[in-house]
Engineer: 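Mind looking over this structure? Questions follow.
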2 protein chains.
Amino acid sequence: MSTIRDVAKQASVSVATVSRVINQSGYVHIKTKERVEKVIKQLNYQPNDVARSLYKGRSKMVALLVPDIMNPFFPQLARAVEDVASKYGYTFVLCNTDDEKEKELAYLNALRQKSVDGMIIVSSKLSQEDVSDITTPMIALDRKISIDIDLVTVNNQDGAQQAVRFLMQKGCQRIGHICGPENASSSKARLKGYLDVVKNEPWFSSGYIRSGKYGFEAAFEATKKMLTEHPDIDGLFAANDLMAVGALKAAEQLGYRVPDDLSIIGFDGIGIGKATKPAITTMAQPIYEIGATAAEMLITRIQDTTIPITEKELRVKLIERGSTRVS
Amino acid sequence: MSTIRDVAKQASVSVATVSRVINQSGYVHIKTKERVEKVIKQLNYQPNDVARSLYKGRSKMVALLVPDIMNPFFPQLARAVEDVASKYGYTFVLCNTDDEKEKELAYLNALRQKSVDGMIIVSSKLSQEDVSDITTPMIALDRKISIDIDLVTVNNQDGAQQAVRFLMQKGCQRIGHICGPENASSSKARLKGYLDVVKNEPWFSSGYIRSGKYGFEAAFEATKKMLTEHPDIDGLFAANDLMAVGALKAAEQLGYRVPDDLSIIGFDGIGIGKATKPAITTMAQPIYEIGATAAEMLITRIQDTTIPITEKELRVKLIERGSTRVS
DNA sequence: CGTCTATATGTAACGGGTTACAGGGAGTGA
DNA sequence: TCACTCCCTGTAACCCGTTACATATAGACG
């Protein structure tokens, strides 16, 4: 690998001039510029980003921290963030935290040491104190972390209400909820939305709520238990699609016919919901848009850290498929 | 952010001593060490990785380049690579190339400029010349790039043979193949395996092969066309599970009953194959193991670039589910 | 007591860009 | 001709750890 000094020597100029050519800054005589460019091509010179980062204190990298890369929601999100990042010349780093606070903190540290310019974080575990000493621009996504941090979400509570009302409208009499992790704000909001609608129903009790931890397996087990305890359930609102699929499989195993015996509605709008039979009715999030919005916000903040904290809420949209009754 | 010089000043020692304490190298008096450590804690000093990388020429980062992060195969793989990487103290970078040569080359360059220590690449587009001038350790995964580069694959051709024979054994008379992209070596091997078994069948013609480009949508369309042209097909071997799901949906739409009218077998063993109804029979790859193996190989090579080029082949395993006939 | 070695610590160069600052030439207007 | 402004280019400090090399002290051994 040749360095800027090699180029300078070969072109009989100083490193400053080469730097000016590369960065198109300051004055460089057109003749000189051409000569330098020729040498750069000759030597196949590529500036060393690490050296650049060291001086600038910035690395042209952004990171996305997600709790579960195996949930198709996050690859879709990652895709969006990466697209925007590379549009602005940033390298994208994806980190999987398993929703474990320890891993999150470890990443936060590692990334800061690498002078990462910004991060987008989906975390249920981090709180204000954990991030208060971090000056790197951050965006919280899906789940709130602190009031000091920009946030991108969807109308979770409202969407959940819509989902549950939709089930009722389709004739469901007893509606259970497979909720997400207790401390995720998105999960809490969806639970709240569910409660808003059902808490005054005569049949309602806490047994109609079980946690599936936003995961397939846990939801599968939770659904089996819930349906066994409450065989009268004829509607199920899962806080995400992955759990809705788990619920579907559980219902199937118990001999329920979906949607005739049991209507299931999910949340997220991931692709897998179309693959099942019946396909999953869902409150779809504009996943790509969420990721892209967060990424744009992050880059805006990187460029100007003084702008006021903002919260942006996108809207979910009902997609009716086969897992809910027709009438 | 405090620097090593701040620590040195505060602890009344030189930066060299602080460095020795941090890296546990050379001689440091126990008393001095304690003093320095105390100051480090006081100032919450974290060494700057960028400066370290610059001097060392290494960054403690490894990258994984995948063609399609939305295919669940790759998140699973990424998961494995990340686990191994972080076990050895490496930061993991995920890059999505859309299977486009241009993006691949752009990443290769960007990563080199960042002094990334090693890369694992899943690419059908890169050839020997494209990577010949790259000295960064690399591992090719799933698809061969060059004889100069370590390779991790599975017994694709053999697995494909097994898959097709399995369909025959279940009584299929006419077996079609939805293949992957033309230039991916894994795709070519699976096609070859298919041909090994069927090419001498009296019914066989090239119309029994169509490309689904390893993607859901393309496979959906390809299957519809193929089944329309050859309604006699009663068995389908898709070169990956994502395409198998696409094929299943297409068959459904055309009124085929799976597996009664049509048996479908996939390849990969991704989770989504369990979510469909019927669930997809597949030649499962040990995905996590593949990723972990590649990552281990990469780190071995980073530590010693002189070791001879190796190719490692893992084995696929048939998982019988509902998409293939019982007898 | 002189020499040698193990221990302990500091100085400064180094890695490779970036940029503040200085210096010099050319052109313009007074 | 002087003053001033563009141009153009170079020198050297800087970003922040790492480490080769130099220096120094203490204890061991002959």
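First the proteins, then the strands, lettered A, B, ... as listed; each starts at 1. Since the structure is predicted, the reported quantities are computational estimates derived from the model, not experimental observations. What you see below is based on every heavy atom in this structure, not just the backbone, and it leaves out hydrogens, waters and symmetry mates.
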Engineer: According to the salt bridge (Lys or Arg N to Asp or Glu O under 4.0 Å) rule, which pairs have a member within residues 1-13 of chain A, sequence neighbours left out?
Structural biologist: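 Passing the test, one end in residues 1-13 of chain A: no pairs.
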
Engineer: Of all residues at least two apart in sequence or in a different chain, which pass the salt bridge (charged side-chain N to carboxylate O under 4.0 Å, His left out) check with A:Asp150?
Structural biologist: A:Arg301

Engineer: Work out how much the helix from C:dC1-D:dG30 to C:dA30-D:dT1 bends between its end axes, five pairs an end, to the nearest 10 degrees.
Structural biologist: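 The end-segment axes of the helix from C:dC1-D:dG30 to C:dA30-D:dT1 are tilted 50° relative to each other.
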
Engineer: For nucleotides 8-17 of chain C, just jot down a letter per nucleotide in 5' to 3' order: B, S or -, based on protein non-hydrogen atoms under 4.0 Å.
Structural biologist: BBBBB-BBBB

Engineer: Side chain to side chain donor-acceptor pair (under 3.5 Å): which pairs involve residues 80-99 of chain B, sequence neighbours left out?
Structural biologist: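 For residues 80-99 of chain B, and leaving out neighbouring residues, the side chain to side chain donor-acceptor pair (under 3.5 Å) pairs sorted by first residue read A:Arg79-B:Asp98, A:Tyr107-B:Glu82, B:Arg79-B:Asp83, B:Asp83-B:Tyr288, B:Lys87-B:Glu296, B:Tyr88-B:Glu296, B:Asn96-B:Asp98, B:Asp98-B:Lys103, B:Asp99-B:Ser124, B:Asp99-B:Lys125.
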
Engineer: Show every salt bridge (Lys or Arg N to Asp or Glu O under 4.0 Å) that has at least one partner inside residues 57-76 of chain A, sequence neighbours left out.
Structural biologist: none

Engineer: Quick one: side-chain contact (heavy atoms from CB on, under 4.5 Å) partners of A:Ile147, sequence neighbours excluded?
Structural biologist: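 Expected list: A:Gln128, A:Lys144.
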
Engineer: I need the full list of side chain to side chain donor-acceptor pair (under 3.5 Å) pairs touching residues 31-47 of chain B, with sequence neighbours left out, sorted by first then second residue.
Structural biologist: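 Output for this query lists A:Asn109-B:Gln46.
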
Engineer: Are any of A:Lys56's side-chain N or O atoms less than 4.0 Å away from OP1 or OP2 of D:dC14?
Structural biologist: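 No, A:Lys56 has no side-chain N/O under 4.0 Å of OP1/OP2 on D:dC14.
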
Engineer: Look up atom NZ in A:Lys101 and atom OG in A:Ser123, then write down how far apart they are to the nearest 0.5 Å.
Structural biologist: 8.5 Å

Engineer: For residues 19-27 of chain A, dump all side-chain donor-acceptor pairs below 3.5 Å to protein atoms at least two apart in sequence or in another chain.
Structural biologist:
from    : atom 1 : to      : atom 2 : distance (Å)
A:Ser19 : OG     : A:Asn23 : ND2    : 3.3
A:Asn23 : ND2    : A:Ser19 : O      : 2.9

Engineer: Could you check how far CD of B:Gln24 sits from P of D:dT18, rounded to whole Å?
Structural biologist: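 Taking CD of B:Gln24 and P of D:dT18, I get 12 Å after rounding.
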
Engineer: Please give, in whole Å, the distance from D:dG17 P to B:Arg58 CZ?
Structural biologist: 17 Å

